[in-house]
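So you know, we letter chains A, B, ... as the sequences are listed, proteins then strands, and number each from 1.
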Amino acid sequence: MKIGYPCINLSLDCRSSRTFRLKNYSEKRLKEIIKSNLDCLLNILKYNKENRIHFFRITSDLIPFASHSIMNFYWQKYFKSDFWQIGQFIKKNKMRITMHPGQYTVLNSINQKVYKNSLLDLAYHVEVLDLMELDSKAKIQIHVGGVYQNKQESINRFIKRYNSLDDNIKRRLIIENDEKSYNLNDCLQIHKKTEIPIVLDVYHHECFNSGESLSEAFKLFFKTWYDEDGIPIVHYSSQKVGGKKGNHANEIDLNHFEQFIKNTLDFNFDLMLEIKDKEKSVLKAMKLIKNDPRFNSD
DNA sequence: TCACGTCAAGCAGAT
DNA sequence: ATCTGCTTGACGTGA
């Protein structure tokens, strides 16, 4: 079991997600920002190594406007050695990496332009991981997408479009159950027709399910992962204290977390903490389970 | 230096 | 109709 966090490290004063306004676009600006983002990413990974954090989600903003039509700069070649160096560091330290395209990537959209842009954005995410020479255990997670007043048709459209993707995209793509449109049961239906692995978000599952208990949900989603996909991934968060349903907590609730860990003792998985204070909660969680035999066993 | 409106992009649900 | 949340505040103009 590895425990990780997404995109931003609050203990460091750099961001790997710097961007700028489209109207201020220039190649010079772009190069500077990308370089700064890549340098910061390596700094975050070094911080993670020192703190024994071996799971991390790389921000989609690493390369600003990567899948936008304005982009005519061959960043893949220009920064090839930077990507390679980061990839070597990741592999040498046995780190697990994921990425998560934004809300604008909707594979099952009924709008052709949105669909087309989604394909470009997926290709960009794949390129980042490929340039780092990471294997198929490095994953790109998306949600199923929109419902468009007809869930079954929208599921079928997802299946059809997923199956038409290139293998270099499919080998990395995984879907996550969400809290309002597509739950675990829906994802399992898609898995049957596509073999796509499912990330279980336990908080989303709590908000929206088909009656499966947590351990039932674990048994079901574990079967969707194959050897080449690596250890199954779980997302964890809890509800913000006093916040609305769906809001992510600002800091980890260690009592809730301990209960979750006790309820999942039969499973070994990598755990992404989606909590606002990022690495701070990871360090607390790691301290709590440092004697758990699953922890860093791989 | 700082406040705050805006930022490439979609969708659903709440208000 | 407008706002909020999502992976996430950062950018940058104008005072």
Base, sugar-phosphate, or nothing: which does [X] touch, judged by heavy atoms less than 4.0 Å apart?
X	answer
A:K113	nothing
A:K276	sugar-phosphate
A:T59	nothing
A:Y148	sugar-phosphate

### Task
Quickly work out the A:F158 CZ to B:dC11 P distance and round it to whole Å.
15 Å

### Message
Determine whether a donor-acceptor pair (N or O, by modelled atom type, separation under 3.5 Å) exists between the side chain of A:E206 and the backbone of A:H204.
### Response
no

### Query
Just by modelled atom types, is the A:I198 backbone N or O under 3.5 Å from a matching donor or acceptor in the A:W225 side chain?
yes

Select one nucleotide: of [options], the one nearest the side-chain heavy atoms of [X].
X	options	value
A:V147	C:dT8, B:dC11, B:dA12	B:dA12
A:L22	B:dA12, B:dA8, C:dC6	B:dA8
A:R29	C:dT8, C:dC11, B:dA8	C:dC11
A:H68	C:dT8, C:dG12, B:dA8	B:dA8

#### Entry: NZ/NE/NH1/NH2 to OD/OE distance under 4.0 Å, A:K160 and A:E153
no

#### Entry: NZ/NE/NH1/NH2 to OD/OE distance under 4.0 Å, A:K35 and A:D39
yes

## Note on the structure
Residues of residues 11-21 of chain A with a heavy atom under 4.0 Å from any atom of DNA chain C, listed by number, are A:R15, A:R18, A:T19, A:F20, A:R21

### Query
Would A:Y104 pass as stacked on B:dG10, i.e. its ring centre under 5.5 Å from the base's six-membered ring centre and planes under 30° apart?
no

### Query
Is there a donor in the side chain of A:Y5 and an acceptor in the side chain of A:N48, or the other way round, less than 3.5 Å apart?
yes

### Aromatic ring proximity A:F257/A:Y236, centre distance under 6.0 Å
yes

### Message
Take a 6.0 Å sphere around CD of A:E127 and say whether it holds more than 12 heavy atoms from other residues, nucleotides or ligands.
### Response
yes

### Task
Return no unless some side-chain N or O of A:K180 is found under 4.0 Å from OP1 or OP2 of B:dA14.
no

### Task
Return no unless some side-chain N or O of A:N24 is found under 4.0 Å from OP1 or OP2 of C:dG12.
yes

### Message
Between C:dT8 and A:E274, counting only base atoms on the nucleotide and side-chain atoms on the residue, is there a donor-acceptor pair under 3.5 Å?
### Response
no

## Note on the structure
Stems with DNA chain C, 3 or more Watson-Crick or G-U pairs in a row (under 3.5 Å), are B:1-7 with C:9-15, B:10-15 with C:1-6

### Summary
Note: for A:L10 and A:K23 on DNA chain C, the residue whose nearest nucleotide lies more 5' is A:L10

### Task
For A:K28 and A:E32, run salt bridge (charged side-chain N to carboxylate O under 4.0 Å, His left out): C-alpha distance rounded to whole Å, both residues' side-chain angles, the deciding distance at 0.1 Å, then the answer.
CA-CA 6 Å; A:K28 180 168 176 286; A:E32 286 168 5; 3.1 Å; yes

